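What follows is a single structure, written as structure tokens, with notes after it.
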Amino acid sequence: MTVGQTRAWERHWDRLGRNVADLPAGPLDLDGWFGRSAPVLLEIGSGMGETTARLAQAEPEVNYLAVEVYQPGLAQLMMRAEALGVTNLRLLRGDAVVLLERHLPPDSLHGVRIFYPDPWPKKKHHKRRLVQPSFVALVASRLAPGGRLHLATDWENYAEQMLEVLSAEPLLRNLHTDWAPRPDWRPLTKFESRAEEVGRASRDIVFERR
């Protein structure tokens with residue numbers, strides 16, 4: 001980590017972050033951790049936090065939970081959150097599947113966002129992609145009725161796979177005919193801009209828990 005990231009980690013992690021592997025058995029006490037009861041929005045794979053901090057800032061009424069495996073990314077996210085004065089954000093380092101299976105009960109989430117997950121572009125690696133039927137079934141079970149699963153990717157064949165997998169999940173229904181319009185509230189990142197420069201258009205997919 002950079003010097004700034006290290007300082008942010010030392011300053012904020014004990015209050016804002018936890019390791020999934022170290023969580024006590026059973027549901028996570030989010031009301032106690034956030035200090036309030038509010039709808040919970042989970043972002044899986046927050047990366048370097050460029051989008052996450054701004055989205056949390058824009059939705060102060062939700063308890064924004066971000067899970068990511070990359071420590072420098074979490075440290076950078078804490079730096080961004082501090083600069084924006086964000087107070088409704090908590091971070092988890094580790095496996096999102098373990099978090100969902102063991103620590104987030106059914107029907108507990110207001111929404112789940114997965115923006116630009118690793119595309120594993122080689123065909124032989126597609127089985128490593130996060131968005132698979134078993135994973136989507138797990139996420140859907142954790143959404144409260146009316147809760148939304150929002151995905152975005154700039155890889156066309158991954159977008160098509162996402163749409164196919166989500167469409168086959170009986171707990172979910174598509175809020176659009178196929179692709180969702182790109183929402184104005186999702187920040188345009190350098191990553192997305194670079195993808196567009198090389199001809200990879202982003203696609204958003206939004207499904208709702210029945």
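Everything numeric in this text was worked out from a predicted model, so none of it was measured.
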Would you kindly say whether R90 and N63 are connected by a side-chain donor-acceptor distance under 3.5 Å?
no

Would you check if there is a donor-acceptor pair between the side chains of E50 and T189 at a distance under 3.5 Å?
no

Under 6.0 Å from the ring centre and within 45 degrees of the ring axis: does the NZ or CZ of R15 meet both conditions for the six-membered ring of W33?
no

Side chains of D118 and Y158: does their closest heavy-atom pair fall under 4.5 Å?
no

Greater than 12 external heavy atoms within 6.0 Å of N19's CG
yes

Output yes when E160 and R203 qualify as a salt bridge under the 4.0 Å nitrogen-oxygen rule, no when they do not.
no

CD (E82) and CG (L16) are apart, to the nearest 0.5 Å, by 9.5 Å

Please report the shortest heavy-atom distance between A53 and R80, naming the atom on each side.
CB-CB, 3.7 Å

Please report the C-alpha distance between T52 and E43 in whole Å, then the side-chain angles of each, then the deciding distance to 0.1 Å, and finally whether the side-chain contact (heavy atoms from CB on, under 4.5 Å) criterion is met.
CA-CA 8 Å; T52 308; E43 183 175 332; 2.8 Å; yes

Please step through side-chain contact (heavy atoms from CB on, under 4.5 Å) for the pair D204 and W179, ending with a clear verdict.
CA-CA 6 Å; D204 285 75; W179 317 115; over 6 Å; no

Mind listing the closest non-hydrogen atom pair of S141 and L138 along with its distance?
OG-O, 2.7 Å

How about Y116 and T51: does a side-chain donor come under 3.5 Å of a side-chain acceptor?
no

Check the orientation of F115 and W185. Use parallel for under 30°, tilted for 30 to 60°, and perpendicular for over 60°.
tilted

Donor-acceptor contact present, side-chain H103 to main-chain G26, <3.5 Å:
yes

side-chain contact (heavy atoms from CB on, under 4.5 Å) between L30 and L104: does it pass, once the steps are laid out?
CA-CA 9 Å; L30 291 173; L104 294 174; 4.0 Å; yes

If you count heavy atoms of other groups shown closer than 6.0 angstrom to CZ of R7, is the number above 12?
no

According to a hydrophobic-cluster definition based on side-chain heavy atoms being under 4.5 Å apart (Ile, Leu, Val, Met, Phe, Trp, Tyr only), do L100 and L166 belong together?
yes

Identify, with sequence neighbours excluded, every residue that meets side chain to side chain contact (heavy atoms under 4.5 Å, CB included) alongside R200.
D154, W155, A195, V198

Does the side-chain contact (heavy atoms from CB on, under 4.5 Å) test come out yes or no for L23 and V98, once each step is laid out?
CA-CA 10 Å; L23 293 174; V98 174; over 6 Å; no

When you check the gap from the basic side-chain N to the acidic O, do D107 and R209 get nearer than 4.0 Å?
yes

Value rounded to 0.5 Å, distance of CD in E208 from CG in L172:
9.5 Å

Examine distances only and state if a side-chain atom of E68 and a backbone atom of G47 form a donor-acceptor pair shorter than 3.5 Å.
yes

For M48, the other hydrophobic cluster members (4.5 Å side-chain criterion, sorted by chain and number) are Y70

For the residue pair R182 and L188, establish whether any side-chain heavy-atom pair is separated by less than 4.5 Å.
yes

State, to 0.1 Å, how close V69 and G94 come at their nearest heavy-atom pair, and which atoms those are.
CG1-O, 3.3 Å

Shared-cluster residues of L175, by chain and number - hydrophobic side chains joined below 4.5 Å:
V206

Sorted by chain and number, sequence neighbours left out, side chain to side chain donor-acceptor pair (under 3.5 Å) with R129 holds for H126, N157, Q161

Are F207 and S167 packed together at the side-chain level, in the sense that at least one heavy-atom pair is separated by less than 4.5 angstrom?
yes

Is any side-chain heavy atom of L163 closer than 4.5 Å to a side-chain heavy atom of L151?
no

If you compare all heavy atoms of I44 against all heavy atoms of F135, which two are closest, and at what distance to 0.1 Å?
CD1-CZ, 3.8 Å

Distance-only side-chain donor-acceptor flag, E59 / Y64, under 3.5 Å:
no

Sub-4.5 Å side-chain heavy-atom contact between R36 and N88
yes

If we only count heavy atoms from C-beta on, is the L91 to L65 side-chain gap below 4.5 Å?
no

Restricting to side chain to side chain donor-acceptor pair (under 3.5 Å), what partner residues turn up for R194, sequence neighbours left out?
none

CG/L74 to CG/L92 distance, rounded to the nearest 0.5 angstrom?
9.0 Å

Taking all non-hydrogen atoms of both residues, which atom of L99 and which atom of V20 are closest, and how far apart?
N-CG1, 4.0 Å

Residues passing the side chain to side chain donor-acceptor pair (under 3.5 Å) test with T153, sequence neighbours excluded, are none

Which heavy-atom pair separates M79 from A8 by the least distance, and what is that distance?
CG-CB, 3.3 Å

Do R186 and P183 touch side chain to side chain, with heavy atoms closer than 4.5 Å?
yes

Distance from N174 atom CG to E169 atom CD, nearest 0.5 Å?
13.5 Å

Given 3.5 Å as the limit, does a donor-acceptor pair link the side chain of S46 with the main chain of G49, or not?
no

Side chains of V112 and L41: does their closest heavy-atom pair fall under 4.5 Å?
no

